[in-house]
There are 2 protein chains.
Amino acid sequence: MSPQANSQLHQSDVARSSGKSGMSEAVRLFGMPELGAAGMPAERNSEIYGESEPADYVYKVVSGTVRTYRVLSDGRRQISGFHVAGDVFGFELGAEHSDSAEAIVDCNIMFVRRSTLLAASQRNHEIARVLLTMTGHELQRARDHSLLLIKSAHERVASFLLEMAQRLSSKSEIELPMSRQDIADYLGLTIETVSRTLTQLQGEAAIKLLGSRRIVVRNPSALTELDD
Amino acid sequence: MSPQANSQLHQSDVARSSGKSGMSEAVRLFGMPELGAAGMPAERNSEIYGESEPADYVYKVVSGTVRTYRVLSDGRRQISGFHVAGDVFGFELGAEHSDSAEAIVDCNIMFVRRSTLLAASQRNHEIARVLLTMTGHELQRARDHSLLLIKSAHERVASFLLEMAQRLSSKSEIELPMSRQDIADYLGLTIETVSRTLTQLQGEAAIKLLGSRRIVVRNPSALTELDD
DNA sequence: CGTCAAGTTGAGGTTCCTCAACGCGGGTGG
DNA sequence: CCACCCGCGTTGAGGAACCTCAACTTGACG
């Protein structure tokens with residue numbers, strides 16, 4: 001599925017994204033009238049773009065959560081990142097996407113043409129700077145993810161919970177939009193190991209499970225010790 | 001160790017870097033007179049910059065091989081990349097380096113001030129474009145590295161050999177500049193597992209070991225099958 | 001020829017995966 | 001309204017992959 005001209009949301013609807021600290025530059029970027037950003041809904045589990053499709057658009061999450069992932073020939077899937085409101089995804093340097101993107105829950109998405117963005121960056125230094133900063137942030141996240149993958153299962157789950165607590169909740173209670181399978185594929189573990197580890201963390205009084213997707217961080221320092 | 005004004009190599013000495021396909025843009029970048037690139041030697045195992053030091057310089061390998069890495073609090077080390085002649089490293093968006101860099105063998109290194117580079121990119125669209133492309137390449141490599149880390153030991157070692165064969169040799173014979181410990185820390189394995197896996201690959205007639213650092217790829221397709 | 005770092009090999013242990021059964025909850029149809 | 005079903009999650013038992021610890025080998029260099 002590629003974005004069509006039938007943008008079913010008005011810009012005014014999608015412009016009030018949450019835009020957490022740090023990434024607010026990307027919010028401004030999509031708000032620039034010269035880029036002609038449009039909006040569209042993406043329903044749960046629908047594909048936004050696929051690996052090796054032409055990378056003609058760059059996307060921003062307005063609401064909901066998106067996963068980007070790559071699959072190996074034998075079907076193993078690695079989720080390279082979760083993208084929440086305010087996050088930009090799908091920006092590539094090559095002509096084709098190197099990963100796929102799917103909505104985890106019903107989402108609202110904005111998009112701009114990549115060619116428009118690149119052309120604008122030739123004229124506008126500010127846009128060029130934001131593009132570089134965005135790519136640099138992605139690089140940072142990719143490296144953090146690599147570092148995550150050399151840790152033990154306990155440490156990976158703890159790091160994941162801290163990351164999610166920081167990114168999608170202000171309080172200590174986390175509402176996870178993704179399934180155990182998504183978490184497992186992000187952490188390079190199996191769903192059973194993720195489940196067992198969460199149970200263990202609860203046993204250590206580090207967290208409390210309120211239903212499978214609601215988690216309270218009870219003892220953040222216990223998680224932080226596992227994180228670094 | 002930070003680069004000093006005492007550039008002990010003339011530009012003419014260091015300008016003839018090998019500059020393999022693709023990354024040749026970076027070569028041109030360091031050749032631009034307005035950037036005032038300078039050169040320096042870096043001897044085997046010496047630090048080029050350290051984690052959380054100010055990221056005042058951007059570097060390019062002229063000759064030799066460099067490792068960049070991060071360490072966890074308990075001493076585990078992850079090598080995020082090996083950098084050979086023509087590769088750029090040490091470019092950060094933040095004020096501080098997020099990894100460390102060391103020369104694996106005696107190297108010649110060029111460097112430019114980051115502030116000079118960023119200032120130049122404001123005036124020169126070509127430089128801005130090269131910076132973005134460079135960062136994008138790094139992003140691609142970081143993601144490939146993440147994907148590597150979810151594979152089995154066999155697959156990781158095979159992928160590593162293919163990567164090295166492609167990057168630092170034209171023939172099928174590879175001369176590895178790095179130790180087993182470096183390889184292990186790059187692949188998220190132990191030296192024993194790396195050693196055993198190489199022995200096994202030799203047993204499967206996929207490779208031939210000529211001394212610990214010289215390897216002949218005997219059956220590339222056997223490695224490629226493990227790679228994707 | 002001796003020394004020392006680097007690499008290899010072996011034995012045993014730990015972590016995580018695999019396969020399987022069971023539990024829970026939300027939706028649908030009788 | 002209840003019963004059933006089905007996807008999702010949890011728990012258990014056993015096995016495979018990789019790690020740890022230790023001994024031995026190799027090769028480079030004085």
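Throughout, a chain's letter reflects where its sequence line sits, starting with A, and its residues are numbered from 1.
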Side chains of A:Y49 and A:D99, donor plus acceptor under 3.5 Å: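 The criterion, which ignores hydrogens and geometry beyond distance, is satisfied for A:D99 and A:Y49.
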Can you tell me how far [atom2] of [N] sits from [atom1] of [X], to the nearest Å?
X	N	atom1	atom2	value
A:I183	C:dC16	CD1	C1'	17 Å
B:L187	D:dA17	CG	P	18 Å
A:L176	D:dC8	CG	P	15 Å
B:I104	C:dA6	CD1	C1'	15 Å
A:I191	C:dT18	CD1	P	10 Å
B:Q181	C:dT8	CD	C1'	14 Å
B:M178	C:dA6	CE	C1'	15 Å

Positions of residues 147-161 of chain B (non-hydrogen atom under 4.0 Å from DNA chain C), listed by number: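 Within residues 147-161 of chain B, no residue comes under 4.0 Å of DNA chain C.
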Nucleic acid contacts - residues 207-219 of chain A versus DNA chain C, non-hydrogen atoms under 4.0 Å: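 Residues of residues 207-219 of chain A under 4.0 Å from DNA chain C: none.
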Non-neighbouring partners of A:F89 that pass ring pair (Phe, Tyr, Trp, His ring centres under 6.0 Å), sequence neighbours left out: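 Applying ring pair (Phe, Tyr, Trp, His ring centres under 6.0 Å) to A:F89 gives A:Y59, A:H83.
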Go through the structure and list residues passing salt bridge (Lys or Arg N to Asp or Glu O under 4.0 Å) with [X], not counting sequence neighbours.
X	answer
B:R44	none
B:R67	B:E102, B:D182
A:D106	none
B:E96	none

With B:V71 via side-chain contact (heavy atoms from CB on, under 4.5 Å) - residues at least two apart: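 By the side-chain contact (heavy atoms from CB on, under 4.5 Å) rule, B:V71 matches B:E51, B:Y69, B:R77.
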For B:T135, all residues meeting side-chain contact (heavy atoms from CB on, under 4.5 Å), sequence neighbours excluded: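 Residues passing side-chain contact (heavy atoms from CB on, under 4.5 Å) with B:T135: A:L132, A:T135, A:L139, B:F91.
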Per B:L189 side chain, nearest of listed nucleotides C:dT8, D:dT10, D:dC18: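 Closest nucleotide to the B:L189 side chain: D:dC18.
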Of the listed nucleotides D:dC19, C:dT18, D:dG9, the one nearest the side chain of A:S179: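 Looking only at side-chain atoms, A:S179 lies closest to D:dG9.
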Sequence neighbours excluded and cut-off under 3.5 Å, please list the side-chain donor-acceptor pairs for residues 220-227 of chain A, or say none.
unit_1: A:S221; atom_1: OG; unit_2: A:N219; atom_2: OD1; d: 2.8
unit_1: A:T224; atom_1: OG1; unit_2: A:P220; atom_2: O; d: 2.8
unit_1: A:D227; atom_1: OD1; unit_2: A:S159; atom_2: OG; d: 2.6

Residue pairs fulfilling side chain to side chain donor-acceptor pair (under 3.5 Å) with at least one residue in residues 196-206 of chain B, sequence neighbours excluded: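 Passing the test, one end in residues 196-206 of chain B: B:H154-B:E204.
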Near-strand residues of residues 192-205 of chain A, defined as heavy-atom separation under 4.0 angstrom from DNA chain D: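 Heavy-atom contacts with DNA chain D come from A:E192, A:S195, A:R196, A:T199.
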B:Y186 vs B:F82, ring-ring contact (aromatic ring centres under 6.0 Å, His included): CA-CA, chis, key distance, verdict: CA-CA 9 Å; B:Y186 180 65; B:F82 297 112; 4.9 Å; yes
